[in-house]
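Here the structure is a predicted model, which means the values were calculated and not measured. Computation of the quantities below employed the complete heavy-atom set of this structure, encompassing side-chain atoms and omitting hydrogens, waters and symmetry-equivalent molecules. Below, chains carry the letters A, B, ... as their sequence lines are ordered, and counting in each starts from 1.
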2 protein chains.
Amino acid sequence: MPRAAATSQKHSAPSRDAALPLIAEVFRLHGYEGASLSQLTEATGLGKGSLYNFFPGGKEQMAAEVIAEIDGWFERNVFAPLRDSADSCEGLRRMFDATEQYFHSGRRVCLVGMLALGSSRDLFAKQVHGYFERWRSALASALQRAGGERAEAGRAAEAILLEIQGALVLARAADDPGVFTRTLKRLRQNHIP
Amino acid sequence: MPRAAATSQKHSAPSRDAALPLIAEVFRLHGYEGASLSQLTEATGLGKGSLYNFFPGGKEQMAAEVIAEIDGWFERNVFAPLRDSADSCEGLRRMFDATEQYFHSGRRVCLVGMLALGSSRDLFAKQVHGYFERWRSALASALQRAGGERAEAGRAAEAILLEIQGALVLARAADDPGVFTRTLKRLRQNHIP
DNA sequence: GTCTATATAGGGATAGAC
DNA sequence: GTCTATCCCTATATAGAC
């Protein structure tokens, strides 16, 4: 990626990949169908023309690229550490830290989970499926190396993922991020010796 | 409710409260923003005129009444048994049975959870909050009567709810209802002696 | 009460000037 | 590459005939 250091200041024509996180936030706030082009232009400071120049496929392409970026972030900060850390407990720790950070301690929803539930689910089914499957698989690998039996590690990985997602739903429903932080704390205690 | 026995056959002008479940299903399939009046008219067999005659507040009122109906169903089939069963384990069993049935063993999403995540969350925040809080509270009561300490029962109730929600998200994301049934099975084993 | 027709607004998307 | 103006469509909602 041939880009210089400082990304622009959030208003006044940000570059294409500086715009992606802003687009992501609009989707998180309003959902896929709920997000309108007007909101997208306002959030990015880009006119419709520029948006369609960057993303000829319109909203659908924007969402797809947003998912891809999220997936990339998790690949670097979560999946890879889980798979590659020499000390598997260190991998788990990094997963929990990154997760807590990414979801802003429960104040930020999971866009991928939202897309899984929403009406747009079929549009992005493959990406959504891949994201969770790669997370589950990397987590299972770490749990197995931490001393678990193979089948049991797989089940535990699934359970942990689902608790994270559920905590995000409930935190939002109760308007209490504490649900999320409590859950992560409990997961750490249960799975990191 | 002054209504006779048999509700109409799903097509050709169902009555107002026969329409509600059909409306609910449209919301579940397409989300709140994703659901259009055309889809609502098609699913119910009612013209727009009739729909607005029944629900002058439009989509928002329909969704609100759908949530109220869901809430009522859970009150009767889940919350009340949890609170009132003489044998608290019997209450837990009835909760898990009703939950598995309601969500069609993981093939049906939780509309209330969806609304919690989506852009419409502020519109229905109070109802969403109330639904989960009453569930949590009833469940905590049962767990406490089953022999748990008060604070611990509260935490366990929160954890169970969140696992159910997370399982629904992941089941949809993975397109594998088994995630949900496995989770419920595990929860039964862990909490029903 | 139920329908058809219509009003009005906003959606996504494109064309073309700059 | 970026904007403005515009296209077409579908959305929600309403009016009025029956």
> Can you check whether B:Ser38 has a side-chain N or O nearer than 4.0 Å to OP1 or OP2 of D:dA11?
Replying inline: yes
> Does the pair B:Arg134 and B:Asp71 meet the rule for a side-chain contact (heavy atoms from CB on, under 4.5 Å), with working shown?
Replying inline: CA-CA 9 Å; B:Arg134 302 214 338 275; B:Asp71 197 285; 2.8 Å; yes
> What is the nucleic acid contact for A:Lys59, judged by heavy atoms within less than 4.0 Å: base, sugar-phosphate only, or nothing?
Replying inline: sugar-phosphate
>> Between C1' on C:dT4 and CG on B:Leu51, what's the gap in Å once rounded to a whole number?
In response: 14 Å
> What integer distance in Å separates A:Asp17:CG from D:dG1:P?
Replying inline: 13 Å
>> Is there a side-chain contact (heavy atoms from CB on, under 4.5 Å) between B:Lys59 and B:Leu40? Walk through the geometry before answering.
In response: CA-CA 9 Å; B:Lys59 255 173 75 169; B:Leu40 263 357; 4.3 Å; yes
>> Test of understanding: clusters of I, L, V, M, F, W, Y form through side-chain heavy atoms closer than 4.5 Å, transitively. Do A:Leu29 and B:Leu117 belong to the same one?
In response: no
>> What verdict does the side-chain hydrogen bond (donor to acceptor under 3.5 Å, both in side chains) test give for B:Ser119 and B:Glu33, after you've listed the backbone C-alpha separation in whole Å, the side-chain angles of each residue and the deciding distance to 0.1 Å?
In response: CA-CA 8 Å; B:Ser119 70; B:Glu33 355 276 338; 2.4 Å; yes
>> Just the rounded figure in Å: distance from P of D:dT12 to CG of B:Leu123.
In response: 14 Å
> Does B:Asn53 or A:Gly57 map to a spot on DNA chain C nearer the 5' end, using the closest nucleotide for each?
Replying inline: B:Asn53
> Within this structure, what is the CD-to-C1' distance between A:Gln39 and C:dG10, rounded to whole angstrom?
Replying inline: 11 Å
>> What's the closest nucleotide to the side chain of A:Ser36 if the choices are C:dG11, D:dT2, D:dT12?
In response: C:dG11
> How long is the line joining NZ of A:Lys48 and C1' of D:dC7, in whole Å?
Replying inline: 11 Å
> Out of D:dC3, C:dA13, D:dT12, which has the shortest distance to the side chain of A:Ser50?
Replying inline: D:dC3
> Is it the case that A:Ser15 and A:Asp17 place a side-chain donor and acceptor less than 3.5 Å from each other?
Replying inline: yes
> When the nearest nucleotide of DNA chain C is assigned to A:Glu33 and to A:Gly49 on a heavy-atom basis, which residue is associated with the more 5' position?
Replying inline: A:Glu33
> For B:Tyr32 and D:dA11, what is the distance between atoms OH and C1' respectively, to the nearest whole Å?
Replying inline: 12 Å
>> With a 4.0 Å cutoff (strictly under), does any side-chain N or O of A:Tyr52 reach OP1 or OP2 of C:dT14?
In response: no
> B:Phe54 has an atom CZ; how far is it from atom C1' of D:dA13, in whole Å?
Replying inline: 17 Å
> Given atom CG of A:Leu37 and atom P of D:dT10, what is their separation to the nearest angstrom?
Replying inline: 16 Å
